[in-house]
Amino acid sequence: MYRSHSCGELNASAINKEVTLSGWVQKIRDKGFMIWVDLRDRYGITQLIFDEQRTPKEVMEKAKTLGREFVIQVTGNVIERESKNPAMPTGDIEIVAQDITILNEALVPPFTIEDETDGGEDIRMKYRYLDIRRNPVKNSLMFRHQVGMKVRNYLSEQGFIEVETPYLIKSTPEGARDFLVPSRMNEGQFYALPQSPQTFKQLLMVGGMDKYFQIVKCFRDEDLRADRQPEFTQIDCEMAFVEQEDILQIFEGLTKHLLQDIKGVSVDTFPRMTYDEAMRTYGNDKPDIRFGMKFGELNGVAQHKEFKVFNTAELVVGIAVPGAASFTRKEIDKLIDWVKRPQVGALGMVYVKCNEDGTYKSSVDKFYDQEDLAKWAAATGAQPGDLICVLSGPTNKTRAQLSALRMELAERLELRNPEEFAPLWVVDFPLLEWDEDTARFHAMHHPFTSPKPEDIPLLDTDPGAVRANAYDLVLNGNEIGGGSIRIHDKETQALMFKHLGFTPEEAKEQFGFLLDAFQYGAPPHGGIAFGFDRLVSILGGQETIRDFIAFPKNNSGRDVMIDAPATIDAAQLKEIHIQLDV
Ligand code: ASP
């Protein structure tokens, strides 16, 4: 037996017992006649003492050879500690060593295995297994496990069945590139790794599984944006015989359950907002509604004077920043520089200080009088003491810029409290999205999403205006889930493929299996998928999903620990029928 107890469980009730512990050497204090060792395992830390008076000589000798992170097994007696440490669960006791086995030696770790380590991100990722010994990482992984268990239990209780779907498949379009796997046995042919199990979960509905879920890896070969992983985990779900309302109810239930159980936060009904409204009032389809600063459109009250910038703009729109009338000229200039950064891309910013005495002072006083500015204040909901920031230009661009400014200001004014949770359903997404590069429409969600029946006639006349039975669940400005009611008949699916620019042959080639399945009694169905990594990181109150992934990739999609991706040798390439030009 390597151990009788863990390093986290012994307390005063164990005094006088003989115990055996195994673990890593966290810390050594050597006074010569007395050596204290902190022994660590996943469960905690227990203090050992090696004492000339009470520990056999050869054991004492061995203890002198210990180094940090050595793996040892120690047998000894539990005694009451003289100077107790109330901050530690094992702080009332210590163990007088009687025997020691060095199970393995260790090199000096390249960074300290402490909560506050001296190791930077790169080195910690290279030695991730050492990083995982640290409490913050270990606790995050344990937290992830707990959230996963709660999800599994909840869904299972609701009658969902977890079914595994294959990883070696054929392209399932979710808007990213596929990772491809060459087939050795089928020369010149490739599998694609799933961007999601979308088509399979729909086939499970045709198969009568009724309620499916899976906590599953998905793979998307995207240009990596901050805090994205090329492989990530979804809670993927699908249900048969449901309408949008059924899905929203069930998964609002799941989210409420998690918030209550994990954060002790009870949220009433989740608010709902249409995509159009989200874009109009927050310039964003995943608004953070923990704070205000709603957009006020100002075309009606700003385009009647001689100010050309506004008069020629498609949209003039502002937000009232709470309490920011006190910003100095310098601070405002900095803000203007911020919106002009290429990442944001505004050409400038007009501002209005709403003075405490009810008067206004703006950067465009030359054009607008107090009466005009009072109307701007009304439209943006500005109070005395607020600062109105106004941007103008093409509608979509300007909304995106003001949305970025709103988030930036919320960050600076500390309005994004990680312990506050504001979920929101965004519904009625457009079915199609115009893509400038390819000059055609793409499915905004994916090609299996059903249009709202009443909008189908618009497919031929105004495709961009067709709304989908599609919804996102947004939490604190993050899209944590998204899904739709699916098309379940061959005709509508064929119509959709046609509008996405697939010829019938191409559609048959790629998705013939699905169109075929729809001819064998496909039930009406729909579903949703949650981004599990993101959900866990929000519930865990951390910024990045990397913190909750055992072995994440870096921003260039590399695993720096195992050094992947890597080249492969010629023989292996030949086997998979791939020739590289050298
Ligand atoms: N497969 C979709 C996604 O990965 C989710 C869904 O429609 O259920 O976003």
Side-chain angles (χ1 to χ4, degrees), residues 151 155 160 162-167 169-179 192-206 209-222 225 228-240 242-252 254-255 275 285-286 425-433 442-452 467-475 478-488 493 496 500 510-511 514 522-535 545:
V151 169
L155 290 176
F160 286 78
E162 184 159 21
V163 183
E164 288 168 271
T165 52
Y167 282 160
I169 63 164
K170 164 164 159 174
S171 182
T172 288
E174 295 280 0
R177 246 175 252 113
D178 293 320
F179 279 103
L193 299 180
Q195 293 186 35
S196 80
Q198 185 61 36
T199 45
F200 285 96
K201 66 174 171 174
Q202 293 192 239
L203 293 171
L204 286 171
M205 294 304 107
V206 182
M209 286 308 290
D210 203 66
K211 289 177 174 176
Y212 141 94
F213 87 102
Q214 184 180 191
I215 298 188
V216 61
K217 272 289 175 71
C218 300
F219 305 85
R220 297 187 188 175
D221 187 3
E222 292 178 286
R225 276 179 273 157
R228 287 273 182 125
Q229 290 280 317
E231 54 177 303
F232 60 97
T233 306
Q234 283 188 344
I235 309 167
D236 190 45
C237 310
E238 196 77 5
M239 302 171 79
V242 285
E243 295 174 337
Q244 172 165 313
E245 190 57 37
D246 301 300
I247 304 264
L248 299 195
Q249 292 293 343
I250 288 272
F251 292 98
E252 186 163 318
L254 169 66
T255 313
Y275 171 87
D285 62 4
K286 44 179 189 326
W425 287 109
V426 177
V427 298
D428 295 356
F429 272 80
L431 184 72
L432 303 166
E433 185 175 39
H442 281 264
M444 188 154 189
H445 189 43
H446 50 56
F448 317 109
T449 294
S450 66
K452 287 206 179 284
R467 289 165 308 159
N469 284 317
Y471 33 80
D472 273 359
L473 182 56
V474 176
L475 183 58
N478 299 282
E479 181 208 321
I480 58 161
S484 60
I485 297 300
R486 326 299 181 188
I487 297 167
H488 67 276
Q493 190 62 70
M496 185 66 183
L500 293 171
Q510 264 200 59
F511 303 111
L514 190 67
H525 60 288
I528 192 167
F530 287 78
F532 185 58
D533 311 282
R534 171 81 51 221
L535 179 66
I545 63 173

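Ligands are counted one by one from 1 in listed order, and the atoms in each one are counted from 1 as well. Values in this document were obtained by computation on a predicted structure and should not be read as measured data.
Ring pair Y275/F429 is tilted by interplanar angle, where 30° to 60° counts as tilted. Note on ring orientation: taking the six-membered ring where Trp is involved, the planes of F219 and Y167 are perpendicular (angle over 60°, cut-offs 30° and 60°).
Which parts of ligand 1 touch R220 is read off a 4.0 Å heavy-atom cut-off, strictly below it: atoms 3 (C), 4 (O). The atoms of ligand 1 that sit less than 4.0 Å from any heavy atom of I528 are 8 (O). Atoms of ligand 1 found under 4.0 Å from any heavy atom of A529, numbered from 1 in the order shown, are 5 (C), 8 (O). Close contacts between ligand 1 and H445 involve ligand atoms 6 (C), 7 (O), 9 (O) [criterion: under 4.0 Å to a heavy atom]. Distances below 4.0 Å separate heavy atoms of R486 from the following atoms of ligand 1: 6 (C), 7 (O), 8 (O).
Between Q198 and ligand 1, a contact under 3.5 Å exists for at least one N or O pair. In terms of polar-atom proximity, defined here as any N/O pair under 3.5 Å, D236 makes no such contact with ligand 1. On a distance-only criterion, Q234 and ligand 1 share at least one N/O pair closer than 3.5 Å.
A donor-acceptor contact shorter than 3.5 Å is absent between the side chain of Q510 and the backbone of S171.
A heavy-atom separation below 4.0 Å is found between K201 and ligand 1.
With a 4.0 Å cut-off on non-hydrogen atoms, E479 does not touch ligand 1 at all. Heavy atoms of E174 found under 4.0 angstrom from ligand 1 belong exclusively to the side chain.
Of all protein heavy atoms, the one lying nearest to atom 5 (C) of ligand 1 is G482 O, 3.4 Å.
No hydrogens or angles considered: a donor-acceptor pair under 3.5 Å links the side chains of Q214 and T165.
Classification of K217 and E231 as a salt-bridged pair holds, one side-chain N sitting under 4.0 Å from a carboxylate O.
Considering E238, R486, H488, H525 as possible partners of Q202, the one that fulfils the side-chain hydrogen bond (donor to acceptor under 3.5 Å, both in side chains) test is H525.
Residue E222 places its CD atom among more than 12 non-hydrogen atoms of other residues, nucleotides or ligands, all under 6.0 Å distant. Around the CD atom of E245, the shell of radius 6.0 Å holds more than 12 heavy atoms that belong to other residues, nucleotides or ligands.
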